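Please read the structure below before turning to the comments.
Every value quoted in this text rests on a predicted model; they were computed, and no experiment measured them. Note that ligands are numbered from 1 as they come in the structure, with each ligand's atoms numbered from 1 the same way. Counting from 1, the numbers follow the sequence of the chain as shown.
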Amino acid sequence: MSVSPSADMDSFRKLLLKANAVVILTGAGVSAESGVPTFRGTGGLWRTYSATDLATPSAFRSNPSLVWEFYHHRRENIASKYPNNAHKAIAEFEHRLTKQGKQVSVITQNIDELHQRAGSVNILELHGSLFKTQCLKCKKVESNHDSPICEALKGKGSASPTEGGEKIPELLLPRCKVPSCGGLLRPYVVWFHETLDPIVLKKAEKELNSCDLCLVIGTSSVVYPAAMFAPQVAARGIPVAEFNVETTSATHQFGFHFSGPCGELLPIALA
Ligand code: BJW
Ligand code: ZN
């Protein structure tokens with residue numbers, strides 16, 4: 001027999017006050033109120049493509065120009081957005097609990113760096129960052145906030161479905177600046193069929209195995225391995241609270257479900 005999750009904020013807040021190690025697992029929904037499209041909601045398509053078409057190593061191999069246009073568009077879009085009340089509530093919560101000698105960690109699937117910009121410190125980026133690159137030749141990973149990331153992408157990347165067609169030559173796409181390398185750069189994000197960074201994954205497992213409360217915010221919980229993190233915590237008997245505008249396939253596994261926009265719920269829940 002499965003029991004419906006509770007929506008009792010007072011009970012949740014009692015647990016929150018007692019907690020010593022809180023893990024906050026976030027997905028695209030936490031940035032939705034900043035105007036960043038989610039993956040599986042409306043606005044998740046770029047031109048006629050979904051993330052599963054372009055966020056793959058084979059898409060990059062066959063058309064690096066198209067994939068770079070897609071990422072250039074998203075870099076430019078996010079550079080014009082700001083952290084919302086959900087990011088801010090999470091960051092303030094971390095600072096408050098840290099001062100009390102408690103532990104808060106944010107494990108995010110997002111690659112938009114909005115948690116960092118809101119002031120969160122203890123962050124694990126499971127799927128990398130839009131603002132990091134990796135050289136295919138020397139493998140160097142670097143932070144990169146250049147706008148545009150290279151001259152050839154200036155004015156490119158329009159999301160209009162009628163755009164596209166003209167490929168940018170590979171030599172004009174973002175290239176490694178390490179002297180004597182000059183290799184093609186790729187976005188440092190985890191694409192489908194790629195494994196997550198084992199060091200990040202190990203750190204995430206450590207946080208998940210030692211937390212005494214877990215919040216799962218704005219994720220559809222369909223992409224693995226992140227999709228199994230909160231259910232695994234719940235299976236240890238640790239309270240898990242989901243914050244989402246809708247229920248997900250994982251909701252029934254959690255003790256709490258709070259329905260609504262996280263920019264409205266979290267300032268109350270984490271105050
Ligand atoms: C709000 C809101 C508001 C809206 N307030 N809420 C095991 C089982 C089955 C499949 C697999 C498996 N292991 C691996 C796979 C394959 C694959 C996978 O999971 N596929 C699924 C689709 C089934 N996984 C992988 O390939 C992973 N690699 C891996 O496991 O390697 C091992 C391996 C190697 C080789 C073979 C087999 C295994 C890598 C996954 C990398 C995911 N990358 C992406 C793209 C990143 C780059 C980019 O952005 O371009 O990451 S996919 C995309 O989905 C992105 C996201 O981080 C990720 C999760 O999406 P998220 O955040 O949940 O967003 P949405 O849109 O789905 O949901 C938003 C939610 O917010 C919704 O619920 C809304 O209701 C809610 N919401 N507004 C609160 N205001
Ligand atoms: Zn290089």
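With a 4.0 Å heavy-atom cut-off, ligand 1 is reached by no atom of A51. Contact annotation: for R74 versus ligand 1, heavy atoms closer than 4.0 Å belong to the side chain alone.
Around atom 51 (O) of ligand 1, the closest heavy atom drawn from H127, E125, R40 belongs to H127. With distances taken over non-hydrogen atoms, the option nearest atom 40 (C) of ligand 1 out of T251, V223, V245 is V223. For atom 33 (C) of ligand 1, the nearest non-hydrogen atom from the set L25, T108, T195, D112 comes from T195.
Of the protein's non-hydrogen atoms, Y224 CB, 3.4 Å is the one closest to atom 12 (C) of ligand 1. Here the heavy atom of the protein found nearest to atom 78 (N) of ligand 1 is A32 CB, 3.6 Å. For atom 35 (C) of ligand 1, the closest heavy atom belonging to the protein is H193 O, 3.5 Å. The single protein non-hydrogen atom nearest to atom 2 (C) of ligand 1 is G29 O, 3.5 Å, given as residue, atom name and distance. Given atom 17 (C) of ligand 1, the protein heavy atom at minimum distance is F192 CD2, 3.9 Å. The closest protein non-hydrogen atom to atom 56 (C) of ligand 1 is F39 CE1, 3.6 Å. Protein heavy atom nearest atom 62 (O) of ligand 1, with residue, atom name and distance: A28 N, 2.8 Å. Ranking protein heavy atoms by distance to atom 75 (O) of ligand 1, first place goes to N244 OD1, 2.6 Å.
The distance from ligand 1 to the heavy atoms of I111 drops below 4.0 Å at these ligand atoms: 47 (C), 48 (C), 49 (O). Counting atoms of ligand 1 from 1 in the listed order, those under 4.0 Å from a heavy atom of E194 are 27 (C), 28 (N), 29 (C), 31 (O), 39 (C). Listed by number with element, the atoms of ligand 1 under 4.0 angstrom from any heavy atom of E246 are 75 (O). Below 4.0 Å from some heavy atom of P225 lie the following atoms of ligand 1, by number and element: 30 (O). Counting atoms of ligand 1 from 1 in the listed order, those under 4.0 Å from a heavy atom of V222 are 19 (O), 21 (C), 23 (C). Heavy-atom contacts of Y71 reach the following atoms of ligand 1: 47 (C), 48 (C), 50 (O) (cutoff under 4.0 Å). Residue-ligand proximity, G27 to ligand 1, at heavy-atom distances under 4.0 Å covers atoms 62 (O). The ligand atoms of ligand 1 that sit less than 4.0 angstrom from a heavy atom of T219 are 61 (P), 63 (O), 70 (C), 71 (O), 73 (O).
Residue-to-ligand polar distances keep G41 apart from ligand 1: every N/O pair is separated by 3.5 Å or more. Close N/O approach between W191 and ligand 1 is not found [any backbone or side-chain N/O within under 3.5 Å]. Checking only distances, V190 does come within under 3.5 Å of ligand 1, N or O to N or O. Residue contacts with ligand 1: F70 is placed with no nitrogen or oxygen under 3.5 Å of a nitrogen or oxygen of the ligand (distance criterion only). Looking at G218 next to ligand 1, an N or O pair under 3.5 Å apart turns up.
The backbone N or O of V36 sits nowhere less than 3.5 Å from a side-chain atom of S34 that would complete a donor-acceptor pair. The main-chain N or O of G41 is found under 3.5 Å from a side-chain atom of T38 such that the two form a donor-acceptor pair. The main-chain N or O of S58 is found under 3.5 Å from a side-chain atom of S62 such that the two form a donor-acceptor pair. With hydrogens and angles ignored, the 3.5 Å screen pairs no side-chain donor or acceptor of H145 with any backbone N or O of K132.
Annotation: cation-pi geometry satisfied between R74 and F70 (NZ/CZ under 6.0 angstrom from ring centroid, within 45° of ring axis). Geometrically, R186 engages W191 in a cation-pi contact, judged by NZ or CZ lying under 6.0 Å from the ring centre and within 45° of the ring axis.
Hydrophobic clustering (ILVMFWY, side-chain heavy atoms < 4.5 Å, transitive): L126 and L130 are in distinct clusters.
Taking the ring centroids of F256 and F243, they lie at or beyond the 6.0 Å cut-off.
The aromatic rings of F12 and F258 sit perpendicular to each other, their planes meeting at more than 60°, with 30° as the lower class boundary.
Two residues are said to be in side-chain contact when any heavy atoms from C-beta on lie closer than 4.5 Å; L172 and E151 fail this criterion.
At a cut-off of 2.8 Å, measuring from the Zn ion (ligand 2), the protein N, O or S atoms that fall short of it are C135 SG, C138 SG, C176 SG, C181 SG, waters left aside.
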